[in-house]
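Down below is the structure, laid out as C-alpha coordinates.
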There are 2 protein chains.
Amino acid sequence: MLQNQKFPAYFYRKNMDYDQLIQAPLFRGIKSEEIEKILTGIDKKFKKFKAGTLIVHSGDPVTSLIIVISGVVKGEMVDYSGRVIKIEDIPAPGALASAFLFGNKNLFPVNVVALSDTELMIIEKQVFIRLLMNNDIILSNFLDMISNRSQFLSEKIRFLNFKTIKGKLAQFILQRTMNDRSSFNLGMTQTELADYFAVARPSLSRVLGELEDEGLIEARGKAIKVIDRTRLLKLTSD
Amino acid sequence: MLQNQKFPAYFYRKNMDYDQLIQAPLFRGIKSEEIEKILTGIDKKFKKFKAGTLIVHSGDPVTSLIIVISGVVKGEMVDYSGRVIKIEDIPAPGALASAFLFGNKNLFPVNVVALSDTELMIIEKQVFIRLLMNNDIILSNFLDMISNRSQFLSEKIRFLNFKTIKGKLAQFILQRTMNDRSSFNLGMTQTELADYFAVARPSLSRVLGELEDEGLIEARGKAIKVIDRTRLLKLTSD
DNA sequence: AGAAAATTGTAACAAATGTTACAAAATCAA
DNA sequence: TTGATTTTGTAACATTTGTTACAATTTTCT
(Lines give C-alpha, C1' and ligand atoms only; values in the text may rest on other atoms or scores of the structure.)
Protein backbone atom coordinates (compact mmCIF):
# COMPACT_ATOMS: atom_id res chain seq x y z
CA MET A 1 0.00 0.00 0.00
CA LEU A 2 2.47 2.57 1.17
CA GLN A 3 4.93 1.86 -1.56
CA ASN A 4 2.43 1.77 -4.38
CA GLN A 5 0.81 5.09 -3.84
CA LYS A 6 1.58 8.09 -5.99
CA PHE A 7 1.65 11.55 -4.53
CA PRO A 8 1.97 15.02 -5.99
CA ALA A 9 5.53 16.25 -5.99
CA TYR A 10 5.05 18.63 -3.08
CA PHE A 11 4.29 15.68 -0.88
CA TYR A 12 7.97 14.83 -0.92
CA ARG A 13 10.60 17.13 0.45
CA LYS A 14 14.19 16.94 1.48
CA ASN A 15 14.34 19.50 4.25
CA MET A 16 12.22 20.00 7.27
CA ASP A 17 12.14 21.32 10.76
CA TYR A 18 13.74 18.73 12.99
CA ASP A 19 12.81 20.42 16.25
CA GLN A 20 9.66 18.40 16.66
CA LEU A 21 11.74 15.24 16.71
CA ILE A 22 13.40 16.05 20.02
CA GLN A 23 10.30 14.63 21.66
CA ALA A 24 10.49 11.37 19.71
CA PRO A 25 11.42 8.35 21.82
CA LEU A 26 13.94 7.38 19.17
CA PHE A 27 15.84 10.64 19.55
CA ARG A 28 15.50 11.15 23.26
CA GLY A 29 18.62 12.63 24.75
CA ILE A 30 19.88 14.03 21.47
CA LYS A 31 19.98 17.76 20.80
CA SER A 32 18.02 19.08 17.89
CA GLU A 33 21.11 20.24 15.96
CA GLU A 34 22.59 16.80 16.45
CA ILE A 35 19.38 15.16 15.20
CA GLU A 36 19.49 17.36 12.15
CA LYS A 37 23.10 16.40 11.50
CA ILE A 38 22.31 12.70 11.82
CA LEU A 39 19.27 12.82 9.61
CA THR A 40 20.69 14.92 6.82
CA GLY A 41 23.34 12.28 6.41
CA ILE A 42 20.97 9.42 5.64
CA ASP A 43 18.45 8.39 3.02
CA LYS A 44 14.88 8.97 4.01
CA LYS A 45 11.52 9.93 2.59
CA PHE A 46 8.69 12.11 3.77
CA LYS A 47 5.07 11.49 2.92
CA LYS A 48 1.92 13.38 3.77
CA PHE A 49 -1.56 12.02 4.18
CA LYS A 50 -4.88 13.80 4.46
CA ALA A 51 -7.08 13.06 7.45
CA GLY A 52 -9.06 9.90 6.91
CA THR A 53 -6.66 8.32 4.43
CA LEU A 54 -5.74 4.66 4.73
CA ILE A 55 -1.97 4.71 5.18
CA VAL A 56 -1.20 1.02 5.38
CA HIS A 57 -3.26 -2.06 4.96
CA SER A 58 -3.16 -4.85 7.52
CA GLY A 59 -0.84 -7.47 6.05
CA ASP A 60 1.38 -5.05 4.14
CA PRO A 61 5.07 -5.81 4.55
CA VAL A 62 7.02 -3.74 7.04
CA THR A 63 10.26 -2.79 5.32
CA SER A 64 11.01 0.58 6.85
CA LEU A 65 10.96 2.47 10.07
CA ILE A 66 8.05 4.89 9.90
CA ILE A 67 7.85 7.83 12.25
CA VAL A 68 4.85 10.08 12.60
CA ILE A 69 6.32 13.57 12.22
CA SER A 70 3.07 15.43 12.69
CA GLY A 71 -0.55 14.54 13.16
CA VAL A 72 -2.16 11.45 14.65
CA VAL A 73 -2.78 8.02 13.17
CA LYS A 74 -4.73 5.10 14.52
CA GLY A 75 -4.33 1.36 14.22
CA GLU A 76 -7.50 -0.64 13.65
CA MET A 77 -8.40 -4.26 13.13
CA VAL A 78 -11.07 -5.38 10.72
CA ASP A 79 -12.90 -8.57 11.54
CA TYR A 80 -14.73 -11.00 9.33
CA SER A 81 -18.00 -9.13 9.36
CA GLY A 82 -16.21 -5.98 8.31
CA ARG A 83 -16.58 -4.42 11.73
CA VAL A 84 -13.71 -2.17 12.69
CA ILE A 85 -12.07 -2.36 16.09
CA LYS A 86 -9.86 0.50 17.09
CA ILE A 87 -6.60 -0.64 18.60
CA GLU A 88 -4.59 2.43 19.47
CA ASP A 89 -3.75 5.99 18.60
CA ILE A 90 -0.24 6.95 17.68
CA PRO A 91 0.36 10.69 17.88
CA ALA A 92 3.50 12.38 16.61
CA PRO A 93 6.30 11.75 17.21
CA GLY A 94 5.68 8.03 17.65
CA ALA A 95 6.78 5.17 15.42
CA LEU A 96 4.59 2.71 13.55
CA ALA A 97 4.82 -1.02 14.17
CA SER A 98 8.36 -0.79 15.48
CA ALA A 99 8.07 -4.31 16.85
CA PHE A 100 7.41 -5.63 13.35
CA LEU A 101 10.42 -4.16 11.57
CA PHE A 102 12.54 -7.03 12.87
CA GLY A 103 11.64 -10.58 13.80
CA ASN A 104 10.04 -13.26 11.68
CA LYS A 105 6.73 -11.69 10.78
CA ASN A 106 7.34 -8.38 9.08
CA LEU A 107 3.71 -7.61 8.33
CA PHE A 108 1.54 -4.83 9.65
CA PRO A 109 -0.88 -6.40 12.13
CA VAL A 110 -3.43 -3.62 11.62
CA ASN A 111 -4.69 -1.03 9.22
CA VAL A 112 -3.24 2.39 9.83
CA VAL A 113 -5.45 5.38 9.15
CA ALA A 114 -4.63 9.07 9.38
CA LEU A 115 -6.82 10.64 12.04
CA SER A 116 -5.63 14.12 11.17
CA ASP A 117 -3.47 15.47 8.38
CA THR A 118 -0.28 13.58 8.90
CA GLU A 119 3.33 13.61 7.85
CA LEU A 120 5.50 10.52 8.03
CA MET A 121 9.25 10.03 7.84
CA ILE A 122 10.34 6.75 6.30
CA ILE A 123 13.76 5.16 6.73
CA GLU A 124 14.61 1.91 4.99
CA LYS A 125 15.51 -0.99 7.27
CA GLN A 126 19.08 -1.35 5.99
CA VAL A 127 19.70 2.36 6.41
CA PHE A 128 18.21 2.19 9.86
CA ILE A 129 20.44 -0.69 10.93
CA ARG A 130 23.47 1.37 9.94
CA LEU A 131 22.09 4.26 11.95
CA LEU A 132 21.71 2.01 14.99
CA MET A 133 25.28 0.81 14.69
CA ASN A 134 26.68 4.29 14.41
CA ASN A 135 24.81 5.90 17.26
CA ASP A 136 24.64 4.31 20.65
CA ILE A 137 21.96 6.64 21.93
CA ILE A 138 19.63 5.85 19.07
CA LEU A 139 20.43 2.17 19.51
CA SER A 140 19.59 2.33 23.20
CA ASN A 141 16.45 4.30 22.49
CA PHE A 142 15.20 1.83 19.90
CA LEU A 143 15.93 -1.11 22.17
CA ASP A 144 14.02 0.72 24.88
CA MET A 145 11.09 1.30 22.54
CA ILE A 146 10.58 -2.28 21.52
CA SER A 147 11.37 -3.58 24.98
CA ASN A 148 8.78 -1.27 26.47
CA ARG A 149 6.31 -2.63 23.99
CA SER A 150 7.02 -6.16 25.18
CA GLN A 151 6.76 -5.10 28.77
CA PHE A 152 3.44 -3.44 28.14
CA LEU A 153 2.10 -6.54 26.44
CA SER A 154 3.41 -8.80 29.20
CA GLU A 155 1.61 -6.78 31.79
CA LYS A 156 -1.59 -6.81 29.79
CA ILE A 157 -1.42 -10.58 29.54
CA ARG A 158 -1.02 -10.77 33.27
CA PHE A 159 -4.47 -9.20 33.62
CA LEU A 160 -6.08 -11.20 30.91
CA ASN A 161 -4.88 -14.41 32.49
CA PHE A 162 -7.17 -13.95 35.43
CA LYS A 163 -10.33 -15.86 34.79
CA THR A 164 -12.65 -13.57 36.70
CA ILE A 165 -13.22 -9.87 36.26
CA LYS A 166 -12.64 -9.46 39.97
CA GLY A 167 -9.19 -10.97 39.57
CA LYS A 168 -8.33 -8.71 36.67
CA LEU A 169 -9.53 -5.64 38.51
CA ALA A 170 -7.72 -6.55 41.71
CA GLN A 171 -4.46 -7.07 39.80
CA PHE A 172 -5.01 -3.82 37.94
CA ILE A 173 -5.69 -1.82 41.07
CA LEU A 174 -2.82 -3.32 43.06
CA GLN A 175 -0.48 -2.67 40.17
CA ARG A 176 -1.31 1.01 40.30
CA THR A 177 -1.02 1.40 44.03
CA MET A 178 2.33 -0.26 44.51
CA ASN A 179 4.30 2.67 45.82
CA ASP A 180 2.37 3.05 49.05
CA ARG A 181 -0.23 5.17 47.38
CA SER A 182 -3.67 4.11 48.46
CA SER A 183 -5.50 5.87 45.67
CA PHE A 184 -5.06 6.54 41.99
CA ASN A 185 -6.92 7.77 39.01
CA LEU A 186 -8.38 5.36 36.58
CA GLY A 187 -6.92 7.03 33.52
CA MET A 188 -9.77 6.00 31.25
CA THR A 189 -13.50 5.48 31.09
CA GLN A 190 -15.07 2.24 32.27
CA THR A 191 -15.98 1.60 28.67
CA GLU A 192 -12.32 1.72 27.71
CA LEU A 193 -11.24 -0.36 30.67
CA ALA A 194 -13.84 -2.97 29.80
CA ASP A 195 -12.37 -3.07 26.30
CA TYR A 196 -8.89 -3.37 27.73
CA PHE A 197 -10.00 -6.35 29.80
CA ALA A 198 -11.92 -7.83 26.88
CA VAL A 199 -15.05 -7.83 28.99
CA ALA A 200 -18.56 -6.41 28.70
CA ARG A 201 -18.99 -2.93 30.06
CA PRO A 202 -21.99 -3.57 32.38
CA SER A 203 -20.16 -6.59 33.78
CA LEU A 204 -17.19 -4.45 34.69
CA SER A 205 -19.46 -1.86 36.23
CA ARG A 206 -21.18 -4.53 38.28
CA VAL A 207 -17.92 -5.96 39.59
CA LEU A 208 -16.64 -2.51 40.47
CA GLY A 209 -19.80 -2.04 42.47
CA GLU A 210 -19.31 -5.36 44.21
CA LEU A 211 -15.76 -4.51 45.21
CA GLU A 212 -17.08 -1.31 46.70
CA ASP A 213 -20.03 -2.97 48.47
CA GLU A 214 -17.69 -5.51 49.99
CA GLY A 215 -15.52 -2.70 51.32
CA LEU A 216 -12.35 -3.45 49.36
CA ILE A 217 -12.24 -0.15 47.55
CA GLU A 218 -13.95 3.19 47.31
CA ALA A 219 -14.75 4.52 43.88
CA ARG A 220 -15.75 8.11 43.30
CA GLY A 221 -15.84 8.79 39.62
CA LYS A 222 -12.50 7.78 38.22
CA ALA A 223 -10.76 8.06 41.58
CA ILE A 224 -10.16 4.66 43.13
CA LYS A 225 -9.10 4.29 46.74
CA VAL A 226 -7.88 1.03 48.21
CA ILE A 227 -9.52 0.24 51.54
CA ASP A 228 -8.61 -3.38 52.18
CA ARG A 229 -5.34 -4.25 50.47
CA THR A 230 -5.17 -7.71 52.00
CA ARG A 231 -8.47 -8.90 50.64
CA LEU A 232 -7.63 -7.43 47.24
CA LEU A 233 -4.45 -9.45 47.22
CA LYS A 234 -6.44 -12.57 47.94
CA LEU A 235 -8.51 -12.05 44.80
CA THR A 236 -5.23 -12.21 42.95
CA SER A 237 -5.08 -15.97 43.52
CA ASP A 238 -7.83 -16.86 41.12
CA MET B 1 19.92 -13.04 43.93
CA LEU B 2 22.24 -13.89 41.12
CA GLN B 3 24.87 -11.46 42.22
CA ASN B 4 24.84 -12.36 45.88
CA GLN B 5 25.41 -16.06 45.61
CA LYS B 6 28.75 -17.66 46.31
CA PHE B 7 29.96 -20.67 44.36
CA PRO B 8 32.94 -22.95 44.60
CA ALA B 9 35.80 -21.82 42.39
CA TYR B 10 35.25 -24.48 39.77
CA PHE B 11 31.89 -22.97 39.04
CA TYR B 12 33.69 -20.13 37.30
CA ARG B 13 35.80 -20.63 34.24
CA LYS B 14 37.31 -18.53 31.52
CA ASN B 15 37.31 -20.98 28.65
CA MET B 16 34.60 -23.17 27.24
CA ASP B 17 33.39 -24.92 24.19
CA TYR B 18 31.59 -22.38 22.05
CA ASP B 19 30.21 -24.89 19.59
CA GLN B 20 26.90 -25.16 21.41
CA LEU B 21 26.34 -21.46 20.88
CA ILE B 22 25.94 -21.79 17.12
CA GLN B 23 22.37 -22.77 17.83
CA ALA B 24 21.72 -19.72 19.96
CA PRO B 25 19.36 -17.19 18.36
CA LEU B 26 21.80 -14.45 19.30
CA PHE B 27 24.59 -16.02 17.28
CA ARG B 28 22.61 -17.35 14.36
CA GLY B 29 24.51 -17.03 11.12
CA ILE B 30 27.89 -16.77 12.78
CA LYS B 31 30.44 -19.55 12.51
CA SER B 32 31.66 -21.15 15.69
CA GLU B 33 35.25 -19.93 15.28
CA GLU B 34 33.89 -16.44 14.77
CA ILE B 35 31.73 -16.73 17.87
CA GLU B 36 34.76 -17.81 19.84
CA LYS B 37 36.74 -14.85 18.54
CA ILE B 38 33.98 -12.44 19.46
CA LEU B 39 33.44 -13.85 22.92
CA THR B 40 37.05 -14.17 23.94
CA GLY B 41 37.37 -10.44 23.36
CA ILE B 42 34.75 -9.39 25.86
CA ASP B 43 34.11 -9.50 29.59
CA LYS B 44 31.73 -12.22 30.67
CA LYS B 45 31.04 -14.64 33.48
CA PHE B 46 29.93 -18.23 33.66
CA LYS B 47 27.89 -19.66 36.48
CA LYS B 48 26.60 -23.13 37.14
CA PHE B 49 23.49 -24.14 39.03
CA LYS B 50 22.35 -27.52 40.28
CA ALA B 51 18.94 -28.77 39.24
CA GLY B 52 16.23 -27.27 41.41
CA THR B 53 18.17 -24.17 42.40
CA LEU B 54 16.48 -20.79 42.39
CA ILE B 55 18.54 -18.75 39.95
CA VAL B 56 16.76 -15.41 40.10
CA HIS B 57 14.01 -14.05 42.22
CA SER B 58 11.05 -12.28 40.66
CA GLY B 59 11.77 -8.57 41.08
CA ASP B 60 15.56 -8.86 40.91
CA PRO B 61 17.10 -6.21 38.68
CA VAL B 62 18.06 -7.23 35.17
CA THR B 63 21.51 -5.78 34.56
CA SER B 64 23.03 -8.33 32.22
CA LEU B 65 22.28 -10.48 29.28
CA ILE B 66 21.99 -14.04 30.53
CA ILE B 67 22.25 -16.96 28.15
CA VAL B 68 21.53 -20.54 29.09
CA ILE B 69 24.62 -22.38 27.88
CA SER B 70 23.48 -25.83 28.89
CA GLY B 71 20.50 -27.31 30.71
CA VAL B 72 16.95 -26.06 31.03
CA VAL B 73 15.47 -23.39 33.28
CA LYS B 74 11.87 -22.45 33.90
CA GLY B 75 10.14 -19.20 34.66
CA GLU B 76 7.42 -19.28 37.28
CA MET B 77 5.11 -16.82 38.93
CA VAL B 78 4.23 -16.99 42.59
CA ASP B 79 0.86 -15.64 43.58
CA TYR B 80 -0.37 -14.29 46.88
CA SER B 81 -1.33 -17.65 48.30
CA GLY B 82 2.14 -18.95 47.53
CA ARG B 83 0.88 -21.09 44.68
CA VAL B 84 3.35 -21.45 41.84
CA ILE B 85 2.32 -21.03 38.21
CA LYS B 86 4.74 -22.24 35.60
CA ILE B 87 5.18 -19.77 32.79
CA GLU B 88 7.65 -21.22 30.34
CA ASP B 89 10.69 -23.41 29.87
CA ILE B 90 13.86 -21.95 28.46
CA PRO B 91 16.24 -24.63 27.23
CA ALA B 92 19.81 -23.91 26.12
CA PRO B 93 20.79 -21.94 24.20
CA GLY B 94 18.05 -19.41 24.96
CA ALA B 95 18.31 -16.09 26.75
CA LEU B 96 16.64 -15.00 29.98
CA ALA B 97 14.31 -12.02 30.08
CA SER B 98 15.85 -10.41 27.01
CA ALA B 99 12.89 -8.05 26.78
CA PHE B 100 13.69 -6.71 30.24
CA LEU B 101 17.34 -5.79 29.71
CA PHE B 102 16.24 -2.55 28.06
CA GLY B 103 13.15 -0.42 28.51
CA ASN B 104 11.83 1.19 31.66
CA LYS B 105 11.24 -1.78 33.91
CA ASN B 106 14.45 -3.73 34.29
CA LEU B 107 13.14 -6.28 36.76
CA PHE B 108 12.69 -9.99 36.33
CA PRO B 109 8.97 -10.64 35.99
CA VAL B 110 9.29 -14.21 37.24
CA ASN B 111 11.34 -16.53 39.37
CA VAL B 112 13.84 -18.53 37.37
CA VAL B 113 14.59 -22.05 38.55
CA ALA B 114 17.06 -24.56 37.15
CA LEU B 115 15.15 -27.59 35.89
CA SER B 116 18.34 -29.51 35.22
CA ASP B 117 21.97 -28.81 35.99
CA THR B 118 22.51 -25.56 34.18
CA GLU B 119 25.29 -23.30 33.02
CA LEU B 120 24.74 -19.62 32.31
CA MET B 121 26.83 -17.04 30.49
CA ILE B 122 26.46 -13.50 31.78
CA ILE B 123 27.37 -10.36 29.86
CA GLU B 124 26.99 -6.94 31.45
CA LYS B 125 24.59 -4.58 29.70
CA GLN B 126 27.25 -2.00 28.84
CA VAL B 127 29.51 -4.66 27.40
CA PHE B 128 26.60 -6.05 25.47
CA ILE B 129 25.70 -2.68 23.95
CA ARG B 130 29.24 -2.40 22.65
CA LEU B 131 28.93 -5.87 21.20
CA LEU B 132 25.73 -4.89 19.43
CA MET B 133 27.35 -1.83 17.92
CA ASN B 134 30.35 -3.73 16.66
CA ASN B 135 28.56 -6.65 15.08
CA ASP B 136 25.64 -6.15 12.77
CA ILE B 137 24.65 -9.81 12.76
CA ILE B 138 24.39 -9.94 16.53
CA LEU B 139 22.52 -6.66 16.48
CA SER B 140 20.04 -7.99 13.95
CA ASN B 141 19.68 -11.21 15.87
CA PHE B 142 18.97 -9.46 19.13
CA LEU B 143 16.46 -7.16 17.50
CA ASP B 144 14.85 -10.25 16.02
CA MET B 145 14.72 -11.93 19.42
CA ILE B 146 12.91 -9.19 21.25
CA SER B 147 10.73 -8.40 18.25
CA ASN B 148 9.68 -12.01 18.03
CA ARG B 149 8.79 -11.86 21.66
CA SER B 150 6.52 -8.89 21.01
CA GLN B 151 4.97 -10.58 18.05
CA PHE B 152 4.27 -13.69 20.06
CA LEU B 153 2.64 -11.65 22.80
CA SER B 154 0.59 -9.65 20.30
CA GLU B 155 -0.78 -12.80 18.81
CA LYS B 156 -1.62 -14.20 22.20
CA ILE B 157 -3.52 -11.06 23.08
CA ARG B 158 -5.48 -11.42 19.90
CA PHE B 159 -6.86 -14.71 21.22
CA LEU B 160 -7.44 -13.51 24.71
CA ASN B 161 -9.45 -10.57 23.44
CA PHE B 162 -12.22 -12.83 22.28
CA LYS B 163 -14.84 -13.00 24.96
CA THR B 164 -16.01 -16.54 24.29
CA ILE B 165 -13.98 -19.71 24.21
CA LYS B 166 -15.49 -20.45 20.82
CA GLY B 167 -14.09 -17.20 19.49
CA LYS B 168 -10.66 -17.91 20.89
CA LEU B 169 -10.64 -21.40 19.47
CA ALA B 170 -11.88 -20.28 16.06
CA GLN B 171 -9.16 -17.62 15.86
CA PHE B 172 -6.59 -20.14 17.00
CA ILE B 173 -7.61 -22.74 14.46
CA LEU B 174 -7.87 -20.30 11.56
CA GLN B 175 -4.48 -18.89 12.44
CA ARG B 176 -2.94 -22.32 12.05
CA THR B 177 -4.64 -23.18 8.80
CA MET B 178 -3.85 -20.02 6.90
CA ASN B 179 -1.73 -21.49 4.14
CA ASP B 180 -4.48 -23.52 2.53
CA ARG B 181 -3.90 -26.38 4.89
CA SER B 182 -7.17 -27.74 6.16
CA SER B 183 -5.69 -29.65 9.06
CA PHE B 184 -2.97 -29.18 11.62
CA ASN B 185 -1.69 -30.65 14.80
CA LEU B 186 -2.56 -29.08 18.09
CA GLY B 187 1.00 -28.93 19.33
CA MET B 188 -0.02 -29.31 22.96
CA THR B 189 -2.44 -31.02 25.29
CA GLN B 190 -5.89 -29.59 25.90
CA THR B 191 -4.78 -28.91 29.42
CA GLU B 192 -1.98 -26.71 28.13
CA LEU B 193 -4.20 -25.02 25.59
CA ALA B 194 -6.75 -24.27 28.29
CA ASP B 195 -3.96 -22.65 30.28
CA TYR B 196 -2.86 -20.68 27.25
CA PHE B 197 -6.39 -19.37 26.84
CA ALA B 198 -6.74 -18.73 30.56
CA VAL B 199 -9.78 -20.94 30.62
CA ALA B 200 -10.88 -24.03 32.54
CA ARG B 201 -9.93 -27.32 30.96
CA PRO B 202 -13.37 -28.97 30.96
CA SER B 203 -14.81 -25.82 29.43
CA LEU B 204 -12.34 -26.00 26.58
CA SER B 205 -13.07 -29.66 26.09
CA ARG B 206 -16.79 -28.95 25.96
CA VAL B 207 -16.42 -26.19 23.38
CA LEU B 208 -14.17 -28.36 21.24
CA GLY B 209 -16.90 -30.97 21.33
CA GLU B 210 -19.51 -28.40 20.34
CA LEU B 211 -17.48 -27.22 17.37
CA GLU B 212 -17.27 -30.81 16.26
CA ASP B 213 -20.96 -31.54 16.85
CA GLU B 214 -21.90 -28.50 14.83
CA GLY B 215 -19.75 -29.75 11.98
CA LEU B 216 -17.19 -26.93 11.91
CA ILE B 217 -14.20 -29.12 12.63
CA GLU B 218 -13.17 -32.71 13.10
CA ALA B 219 -10.93 -33.53 16.02
CA ARG B 220 -9.17 -36.83 16.32
CA GLY B 221 -6.74 -36.71 19.17
CA LYS B 222 -4.55 -33.70 18.57
CA ALA B 223 -5.24 -33.60 14.86
CA ILE B 224 -7.72 -30.86 13.99
CA LYS B 225 -9.32 -30.67 10.57
CA VAL B 226 -11.32 -27.68 9.38
CA ILE B 227 -14.61 -28.67 7.79
CA ASP B 228 -16.49 -25.39 7.52
CA ARG B 229 -14.09 -22.48 7.24
CA THR B 230 -16.83 -19.95 6.62
CA ARG B 231 -18.70 -20.63 9.81
CA LEU B 232 -15.45 -20.65 11.76
CA LEU B 233 -14.70 -17.20 10.39
CA LYS B 234 -18.08 -16.01 11.57
CA LEU B 235 -17.24 -16.97 15.15
CA THR B 236 -14.32 -14.61 14.82
CA SER B 237 -16.70 -11.65 15.02
CA ASP B 238 -17.49 -12.03 18.68
C1' DA C 1 3.58 -55.98 27.23
C1' DG C 2 1.86 -54.19 31.31
C1' DA C 3 1.49 -50.96 35.03
C1' DA C 4 1.32 -46.19 36.17
C1' DA C 5 0.45 -41.63 35.00
C1' DA C 6 -1.52 -38.19 32.34
C1' DT C 7 -5.09 -36.74 29.36
C1' DT C 8 -9.65 -36.48 27.83
C1' DG C 9 -14.88 -36.75 27.73
C1' DT C 10 -18.76 -35.93 30.18
C1' DA C 11 -22.35 -34.75 33.49
C1' DA C 12 -24.71 -31.94 37.04
C1' DC C 13 -24.76 -27.96 39.21
C1' DA C 14 -23.07 -23.28 40.81
C1' DA C 15 -21.20 -19.02 39.59
C1' DA C 16 -19.90 -15.53 36.55
C1' DT C 17 -20.56 -13.02 32.54
C1' DG C 18 -23.04 -11.27 28.47
C1' DT C 19 -27.06 -8.88 26.57
C1' DT C 20 -30.39 -5.57 26.30
C1' DA C 21 -32.64 -1.80 27.88
C1' DC C 22 -33.37 2.39 30.20
C1' DA C 23 -32.70 6.22 33.32
C1' DA C 24 -29.49 9.01 36.00
C1' DA C 25 -25.28 11.38 36.06
C1' DA C 26 -21.33 13.42 34.20
C1' DT C 27 -18.89 15.55 30.54
C1' DC C 28 -18.46 18.18 26.41
C1' DA C 29 -19.32 21.76 23.10
C1' DA C 30 -21.62 25.75 21.54
C1' DT D 1 -25.11 28.10 30.96
C1' DT D 2 -27.65 25.02 28.34
C1' DG D 3 -28.43 21.46 25.39
C1' DA D 4 -26.32 17.41 23.37
C1' DT D 5 -23.51 13.57 23.96
C1' DT D 6 -21.15 10.28 26.48
C1' DT D 7 -20.63 7.67 30.46
C1' DT D 8 -22.34 5.16 34.26
C1' DG D 9 -25.53 2.37 37.29
C1' DT D 10 -28.74 -1.01 37.40
C1' DA D 11 -32.08 -4.68 36.53
C1' DA D 12 -33.89 -8.99 34.42
C1' DC D 13 -32.80 -12.69 31.99
C1' DA D 14 -30.07 -15.78 28.75
C1' DT D 15 -25.78 -17.75 27.98
C1' DT D 16 -21.37 -19.12 28.98
C1' DT D 17 -18.04 -20.72 31.94
C1' DG D 18 -16.19 -22.75 36.20
C1' DT D 19 -16.16 -26.57 39.50
C1' DT D 20 -16.08 -31.07 40.91
C1' DA D 21 -16.14 -35.68 40.15
C1' DC D 22 -15.46 -39.89 37.85
C1' DA D 23 -14.74 -43.10 34.16
C1' DA D 24 -12.68 -43.96 29.68
C1' DT D 25 -8.86 -43.39 26.94
C1' DT D 26 -4.26 -42.43 25.69
C1' DT D 27 0.48 -41.85 26.64
C1' DT D 28 4.60 -42.77 29.13
C1' DC D 29 7.70 -45.50 31.45
C1' DT D 30 9.88 -49.77 32.71
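Lettering of chains follows the sequences in order, A, B, ..., and the numbering in each one begins at 1.
In this structure, B:M188 atom CE and D:dT27 atom C1' are separated by 18 Å, rounded to whole Å. At whole-Å resolution of the value, NZ in A:K222 and C1' in C:dA26 are 8 Å apart. As rounded to whole Å, 14 Å separates atom C1' of C:dA26 from atom CG of A:N185. For the pair A:R220 CZ and D:dT8 P, the computed distance is 16 Å after rounding to whole Å. Note: CZ (A:F197) to P (C:dA16) measures 17 Å, nearest angstrom. B:L235 has its CG atom 17 Å from the P atom of C:dG18, to the nearest Å. The separation between A:L160 atom CG and C:dT17 atom P is 13 Å, rounded to whole Å.
Phosphate proximity of C:dT8 to B:T191: present, with a side-chain N or O under 4.0 Å from OP1 or OP2.
Checked against side-chain hydrogen bond (donor to acceptor under 3.5 Å, both in side chains), B:T118 has no partners two or more places apart in sequence or in another chain. Under the ring-ring contact (aromatic ring centres under 6.0 Å, His included) criterion, B:F184 pairs with no residue, sequence neighbours left out. Partners of B:D228 according to the side-chain hydrogen bond (donor to acceptor under 3.5 Å, both in side chains) rule, which considers only residues two or more places apart in sequence or in another chain, are B:R231.
The pair B:E119-B:K45 does not count as a salt bridge, with every side-chain nitrogen at least 4.0 angstrom from each carboxylate oxygen. At a threshold of 4.0 Å, the pair A:K222-A:E192 does not count as salt-bridged, since none of the basic side-chain nitrogens sits closer than that to a carboxylate oxygen.
Classification of the A:F172-A:Y196 ring pair by plane angle, with boundaries at 30° and 60°, yields perpendicular.
Residue pairs meeting the salt bridge (charged side-chain N to carboxylate O under 4.0 Å, His left out) criterion with at least one member in residues 202-217 of chain A, sequence neighbours excluded, are A:K166-A:E210, A:K166-A:E214.
Here the side chains of B:V73 and B:L115 are not in contact, with every heavy-atom distance at 4.5 Å or above.
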Query raised in the report: For nucleotides 9-18 of chain D, read 5' to 3', which letter fits each nucleotide if B means a protein heavy atom sits under 4.0 Å from the base, S means only the sugar-phosphate is that close, and - means neither?
Result: BB------BB
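The end-to-end axis angle of the helix from C:dA1-D:dT30 to C:dA30-D:dT1, rounded to 10 degrees and based on five pairs per end, is 80°.
Annotation: B:F102 is not in aromatic contact with A:F142 [ring centroid separation under 6.0 Å not met].
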